[in-house]
Amino acid sequence: MYRLKGCRELRKRAPQIALNWFSTFSFSRSTHSVSFDPIITAEDISGSKPAAVQNLVQGNWTRPSNWTTIVDPLNGEPFISVFEVDERGLQPYIESLHKCPKHGLHNPFKSPERYLMLGDISAKAAHLLSLPKISDFFTKLIQRVSPKSYQQAYGEVYVTQKFLENFSGDQVRFLARSFAVPGNHLGQQSHGFRWPYGPVAIITPFNFPLEIPVLQLMGALYMGNKPVLKVDSKVSIVMEKMLRLLHECGLPREDVDFINCDGNTMTKLLLEAKPRMTLFTGSSRIAEKLAVDLKGRIKLEDAGFDWKILGPDVQEVDYVAWVCDHDAYACSGQKCSAQSILFMHENWGRSPLLDTIKKHAARRQLDDLTVGPVLTVNTEALLLHKNKLLKIPGSKLLFGGKALTNHSIPAIYGAIEPTAVFVPLEEILKDDNYELVTKEIFGPFQIVTEYKDNQLPMVLNALEKMHAHLTAAVVSNDVLFLQEVIGKSVNGTTYVGLRARTTGAPQNHWFGPAGDPRGAGIGTPEAIKLVWSCHREIIYDVGPIARNWQIPRST
């Protein structure tokens with residue numbers, strides 16, 4: 001991203017750019033249907049046909065005077081202008097959040113018809129995303145700003161569409177299901193309710209520009225909250241278009257604020273507006289800082305150094321190798337669930353596994369985006385990390401480790417071949433090496449190591465020393481082995497069995513870390529209730545009072 005402040009020509013063009021982009025969508029509503037029809041294709045966005053991203057506050061789309069220009073991650077061409085709010089423009093957002101009371105936009109005792117409204121909106125939005133023209137548009141728009149293969153980008157659209165289907169109709173109000181417990185005497189009952197926080201904030205990263213913000217945003221709305229949403233500016237165009245679709249499906253514009261700004265401005269907004277809860281998905285370093293700044297009023301779905309253990313029972317080598325390649329290198333490794341380290345039993349070391357993974361990795365090409373630009377680490381830093389690892393005694397490069405060639409990816413981004421570095425288990429556990437080996441590299445990069453039967457406790461010790469516990473996989477059908485590893489590990493989303501993986505979480509199960517009271521989940525009713533509501537107990541005690549009741553002695 002490059003910030004442009006003084007270019008008169010671009011400043012004159014920016015408002016018209018935004019209006020032109022808005023006009024590329026046509027909207028219509030009838031009694032029986034809603035349509036969201038993108039007239040142009042995502043591929044049309046370019047330097048000659050730039051797009052623009054606006055902000056939404058108090059029901060109004062706005063275009064501040066400042067903007068950031070986003071460059072095409074494949075060729076470096078400026079192709080999107082993002083209108084950004086600076087500190088001087090925060091007051092409308094602060095006022096908007098302050099207008100929302102702590103008891104939320106709705107709750108079980110207030111405006112319950114909104115549960116039904118949101119179920120209806122979800123049904124309409126799910127229907128639109130199921131239409132080939134709409135799903136293809138969002139898939140290709142994701143590819144333009146966060147390059148990944150068509151199938152990987154479409155998977156994001158598909159999961160989002162299925163999530164919205166899941167929470168159609170009455171399913172939203174079922175999230176607010178309460179319970180009652182008999183009291184001590186007639187007329188007394190205690191009732192437990194799920195209660196909104198009221199004004200909340202959502203901060204999401206670049207790597208899943210549709211799935212993560214939509215699932216968390218809708219979860220916040222379902223439970224009665226008023227959110228302000230910030231998506232990484234590099235990809236925020238995707239969510240801007242999705243918000244317009246949701247508005248067309250009936251979502252009141254005042255229900256969600258959408259802000260584009262830099263990190264310092266967002267921090268200032270959080271400190272001054274004081275949302276009752278903030279959901280943060282992204283870097284562990286930023287997550288820890290926000291936890292301090294916000295005095296713990298935060299839920300985190302932060303980064304993970306995710307592990308996979310291959311047990312002693314070797315079988316279906318071709319399948320396991322394919323999954324390992326997919327887990328480590330799909331989306332160029334830019335998933336918080338990507339396979340960061342592979343613990344391989346020595347039996348697998350004697351199999352064709354590593355050679356097969358290498359062959360799969362070699363099939364990945366920039367032409368179909370099965371490997372592509374790394375948006376948070378440049379090539380120099382990626383290769384430097386590889387070289388540091390290779391200085392560890394016994395380490396070796398298994399494959400990759402070279403910069404991509406014959407491309408126009410800008411130097412601010414990374415571009416390397418899918419890479420694997422072998423590091424001996426004994427060396428990994430040394431204090432001087434452990435931090436380096438377990439450093440999360442958000443790119444097509446993994447560590448591989450090998451262990452013997454009697455070294456499983458060393459593997460478990462390596463897991464215990466890790467700080468982030470998001471996803472994991474134990475590839476084995478040996479039940480006793482599975483019990484040993486599961487019982488002595490903590491990752492929140494753990495796949496076990498021959499088909500175990502670390503990536504590709506669908507909408508039908510919990511996805512999130514464990515072992516941290518601040519941990520946030522996504523996707524399921526349990527995740528929505530945990531993150532976006534708190535427990536409120538209401539005790540009814542209406543009597544009757546006994547006719548012969550007398551004032552007792554003081555106690």
Side-chain angles (χ1 to χ4, degrees), residues 27-38 104-108 110-139 142 154-178 193-194 196 200 202 204 208-227 229 238-239 241-256 279 505-512 521-533:
F27 304 87
S28 66
R29 174 179 283 131
S30 68
T31 304
H32 303 291
S33 66
V34 176
S35 68
F36 176 87
D37 185 18
L105 299 178
H106 64 267
N107 60 54
K110 172 189 172 183
S111 302
E113 63 276 4
R114 282 180 52 88
Y115 293 116
L116 305 182
M117 177 193 75
L118 288 163
D120 187 47
I121 291 167
S122 295
K124 292 176 181 177
H127 169 68
L128 290 181
L129 284 183
S130 73
L131 300 177
K133 188 173 184 179
I134 305 299
S135 66
D136 182 71
F137 170 76
F138 277 104
T139 298
I142 291 168
Y154 172 72
E156 193 175 335
V157 178
Y158 178 82
V159 167
T160 303
Q161 188 260 333
K162 287 298 179 184
F163 170 86
L164 292 167
E165 276 187 359
N166 286 347
F167 292 97
S168 299
D170 288 324
Q171 297 306 311
V172 175
R173 66 168 151 199
F174 288 163
L175 290 170
R177 189 190 304 270
S178 61
F193 294 94
R194 299 311 302 178
V200 298
I202 303 170
T204 64
F208 285 86
L210 182 72
E211 180 181 337
I212 294 177
V214 171
L215 269 60
Q216 294 292 14
L217 174 69
M218 297 308 292
L221 289 169
Y222 293 155
M223 300 313 296
N225 301 289
K226 163 68 181 285
L229 172 65
V238 177
M239 201 57 205
K241 304 313 160 202
M242 187 64 195
L243 279 171
R244 294 185 187 277
L245 183 148
L246 290 170
H247 292 158
E248 181 62 16
C249 292
L251 180 69
R253 288 192 180 189
E254 297 80 9
D255 281 13
V256 178
L279 179 281
Q507 71 293 332
N508 62 303
H509 71 60
W510 163 282
F511 182 85
I522 194 170
T524 63
E526 291 77 18
I528 292 171
K529 287 184 279 190
L530 172 79
V531 175
W532 295 115
S533 68

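None of these values were measured; they are calculated from a predicted model. Index from 1, following the sequence.
In this structure, Val200 and Lys226 have side chains that are not in contact, with every pair of non-hydrogen atoms separated by 4.5 Å or more. Using a 4.5 Å heavy-atom cutoff, the side chains of Tyr158 and Ser135 are not in contact. Counting heavy atoms from C-beta outward, Trp532 and Ile202 have side chains that approach closer than 4.5 Å. Ile134 is listed as a side-chain neighbour of Leu245, based on a closest heavy-atom distance under 4.5 Å. Side-chain contact between Trp510 and Leu530 is present, with at least one heavy-atom pair separated by less than 4.5 Å. Between Leu215 and Ile528, the closest side-chain pair of non-hydrogen atoms is not below 4.5 Å. The side-chain heavy atoms of Met242 and Met239, taken from C-beta on, include a pair separated by under 4.5 Å.
No donor-acceptor distance shorter than 3.5 angstrom exists from the side chain of Arg194 to the backbone of Ala176, with no hydrogens or angles considered. When atom types are taken as modelled, the side chain of Ser111 and the backbone of Asn107 share no donor-acceptor pair closer than 3.5 angstrom. Lys241 contributes no side-chain N or O that, together with a main-chain N or O of Phe137, makes up a donor-acceptor pair within less than 3.5 Å. The main-chain N or O of Pro196 is never found under 3.5 Å from a side-chain atom of Asn225 such that the two would form a donor-acceptor pair. Listed for the Glu526 side chain is no donor-acceptor partner under 3.5 Å among the backbone atoms of Gly521. Using a distance-only test at 3.5 Å, with no hydrogens or angles considered, no donor-acceptor pair links the side chain of Lys162 to the main chain of Ala126.
Between the CD atom in Glu156 and the CD atom in Gln161 there is a gap of 14.0 Å [rounded to 0.5 Å]. In this structure, the separation between CE on Met218 and CZ on Phe167 is 10.5 Å, given to the nearest 0.5 Å. Rounding to the nearest 0.5 Å places CD1 of Ile522 at 11.5 Å from CD of Gln507. We find the CG-CD1 distance between Leu116 and Ile121 to be 11.0 Å, quoted to the nearest 0.5 Å. Remark: Thr204 OG1 to Leu217 CG distance equals 9.5 Å, nearest 0.5 Å. Here the straight-line distance linking atom CG of Leu118 with atom CD of Gln171 works out to 13.5 Å at 0.5 Å rounding.
Side-chain contact, Tyr222 with Ser533: no donor N or O sits under 3.5 Å from an acceptor N or O.
Ring-plane geometry between Tyr115 and His106 is classed as perpendicular, the angle between the planes exceeding 60 degrees on a 0 to 90 degree scale with a lower cut at 30.
The two residues Arg173 and Asp170 make their nearest non-hydrogen contact at NH2-OD1, 2.7 Å.
Residues Arg114 and Asp255 are paired through a salt bridge, judged by an N-O separation under 4.0 Å between the basic side chain and the carboxylate.
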Evaluate Thr160 against Leu129 for side chain to side chain contact (heavy atoms under 4.5 Å, CB included), listing each step before the verdict. CA-CA 8 Å; Thr160 303; Leu129 284 183; 3.9 Å; yes
